Amino acid sequence: MRKDRIFLVAELSANHNQDKTLALQTIKAAKDSGADAIKLQTYMPDCLTLDCDLKDFRIQGTLWEGRKFYDLYQEAMTPWEWHKDLFAYAHELGLICFSSPFSKEGVDFLESLGNPIYKVASFEIVDLELISYMARLGKPMILSKGIATKEEIQEAIDVCKQVGNADITLLQCTSSYPAPLNSANLSLISKLKQDFGVEVGLSDHTLGIIAPIVAATLGAKVIEKHFILSRKLGGVDSAFSLEPKEFSQMAKAVREVEELLGIPTYELSEKSKEGRAFMRSLYVVKDISKGEKITTESVRSIRPGYGIAPKYLKQVIGKYASRDLYRGKALEFGDFE
């Protein structure tokens, strides 16, 4: 990940609809839409849950209401046999490809492919053993906060640091699909940085592009959005995924935010230095002969700003001209004694 600009991640997730060609087309579209990276999810249903009909194993309160966890993950998974080609194609395009593993086996598999970044999904942030297994590899770690408590977030960060990995980015994430705007709580982004001392970002499930733009103004260094060629394709994540045109608009806006924010420095840009011509400074407003006393009638604070600063006016008044000074001359320190 680049540290000098916001890292824009297009989440492929299940938006391939089990069609490898569609997955490859989506990766190309993500690149063309301004993404820095494409993110996969590396799991099989048995990594996540049981094939069980008991009530606990049926989804409640989301757009997947009533479905079995196992069936959803079976539909949504990215086949492991695709990974090598997806990684290779992204690399060919100059796009970073990385993944969220959901098991130690998934981590080992991704390592065999040279996975450059490890993302911990929001519901896995409490699996400290799995997090430690990823973090020990020394690669950048991205953690989605999701519904974790402050204590659980700290535990996940501590586990990374205990194995010598402090390259951590913590993402504000509302684990609701789609997430209503009033649950995004973007003001937490800057607080996460303050409280945990790590880089911060946003994994966004709201509709539209306003949340990522606001996040950029709040110091987000990573922004992740689900990406799909067209929501008309359907699929388990289509409802809260951005289409290419929308992602492009988001990317453009985020880059413009970066330009607007700049860097926190008081050093003047070249353009600002040019603007100093409109500031006030001390000018001779009446011809002064050498040896003549300088008065408020002969020197004033006016525009432009090429003379000495107005704060020196009191020191100048009452001094004597060291040379002939003409009306309209920018006053210099050598002009009086």
Side-chain angles (χ1 to χ4, degrees), residues 1-2 5-19 21-41 62-64 72 75-76 78 86 89-90 93-100 117 119 121-122 142 144-146 169 171-186 189 200-218 220-258:
M1 291 187 293
R2 288 178 55 173
R5 72 176 201 163
I6 297 170
F7 190 58
L8 297 180
V9 181
E11 165 69 79
L12 177 63
S13 187
N15 288 331
H16 47 66
N17 290 353
Q18 297 302 315
D19 181 337
T21 298
L22 182 60
L24 294 168
Q25 291 171 343
T26 305
I27 291 173
K28 177 64 164 61
K31 171 64 177 178
D32 292 342
S33 300
D36 296 306
I38 188 82
K39 191 184 81 66
L40 313 179
Q41 295 182 4
T62 75
L63 58 88
W64 307 299
L72 177 68
E75 179 183 345
T78 300
L86 300 186
Y89 185 56
L93 296 173
L95 195 66
I96 294 172
C97 185
F98 69 103
S99 188
S100 296
I117 302 166
K119 165 75 186 295
S122 56
I142 300 177
S144 267
K145 169 193 168 291
T169 302
L171 305 187
Q172 165 62 349
C173 175
T174 302
S175 298
S176 181
Y177 308 90
L181 293 181
N182 62 8
S183 71
N185 198 16
L186 297 186
I189 290 174
V200 291
L202 174 68
S203 178
D204 183 39
H205 300 129
T206 65
L207 301 179
I209 66 173
I210 188 66
I213 297 169
V214 173
T217 71
L218 296 172
K221 294 300 182 184
V222 174
I223 292 174
E224 178 186 85
K225 274 291 245 184
H226 285 248
F227 184 84
I228 193 169
L229 284 179
S230 170
R231 283 186 290 273
K232 292 179 181 178
L233 291 169
V236 298
D237 294 336
S238 59
F240 52 91
S241 297
L242 291 184
E243 295 179 349
K245 183 177 179 180
E246 295 165 323
F247 197 99
S248 293
Q249 291 170 338
M250 180 197 77
K252 181 176 183 292
V254 167
R255 298 303 176 214
E256 289 175 348
V257 167
E258 287 180 305

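Remember, it's a predicted structure, so these values are computed and weren't measured experimentally. In this chain, numbering begins with 1 at the start of the sequence shown.
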Minimum heavy-atom distance between [X] and [Y], given as atom pair plus value:
X      : Y      : answer
Ala216 : Val254 : CB-CG1, 4.3 Å
Ile38  : Ala90  : CG2-CB, 4.1 Å
Ala29  : Ser33  : O-OG, 2.7 Å
Thr174 : Ala184 : OG1-CA, 3.6 Å
Leu218 : Leu186 : CD1-O, 3.3 Å
Leu207 : Pro178 : CD2-CB, 3.8 Å

Side chain of [X], backbone of [Y]: donor and acceptor closer than 3.5 Å?
X      : Y      : answer
Lys28  : Leu93  : no
Ser230 : Lys232 : yes
Asp36  : Leu8   : yes
Ser241 : Asp237 : yes
Gln41  : Thr78  : no
Glu243 : Ile228 : no
Ser122 : Gly146 : no

Euclidean distance, [Y] [atom2] relative to [X] [atom1], rounded to 0.5 Å:
X      : Y      : atom1 : atom2 : answer
Met250 : Ile210 : CE    : CD1   : 12.0 Å
Phe240 : His226 : CZ    : NE2   : 5.0 Å
Lys221 : Leu202 : NZ    : CG    : 14.5 Å
Phe7   : Thr169 : CZ    : OG1   : 9.5 Å
Asp19  : Gln25  : CG    : CD    : 7.5 Å
His16  : Leu229 : NE2   : CG    : 12.5 Å

Please examine the side chains of [Y] and [X], heavy atoms only from C-beta on, and report whether any two atoms are closer than 4.5 Å.
X      : Y      : answer
Pro244 : Phe227 : yes
Asn17  : Leu233 : yes
Ile6   : Glu258 : yes

> Step by step, would you call Asp32 with Lys245 a salt bridge (charged side-chain N to carboxylate O under 4.0 Å, His left out)?
Replying inline: CA-CA 10 Å; Asp32 292 342; Lys245 183 177 179 180; over 6 Å; no
>> What verdict does the salt bridge (charged side-chain N to carboxylate O under 4.0 Å, His left out) test give for Arg231 and Glu246, after you've listed the backbone C-alpha separation in whole Å, the side-chain angles of each residue and the deciding distance to 0.1 Å?
In response: CA-CA 12 Å; Arg231 283 186 290 273; Glu246 295 165 323; 2.8 Å; yes
> Between Lys39 and Ser100, is any side-chain donor less than 3.5 angstrom from a side-chain acceptor?
Replying inline: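 Judged by distance alone, the side chains do pair up.
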> Is it true that Lys119 and Glu11 make a salt bridge, defined as a side-chain N closer than 4.0 Å to a carboxylate O?
Replying inline: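 Salt bridge flag = no for Glu11 with Lys119.
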> What's the verdict on side-chain hydrogen bond (donor to acceptor under 3.5 Å, both in side chains) for Thr206 and Asp204, showing C-alpha distance, side-chain angles and the deciding distance?
Replying inline: CA-CA 6 Å; Thr206 65; Asp204 183 39; 2.8 Å; yes
>> Applying side-chain contact (heavy atoms from CB on, under 4.5 Å) to Leu40 and Leu86, what does each step give before you reach the verdict?
In response: CA-CA 9 Å; Leu40 313 179; Leu86 300 186; 4.1 Å; yes
> Quick one: side chain to side chain donor-acceptor pair (under 3.5 Å) partners of Thr26, sequence neighbours excluded?
Replying inline: none
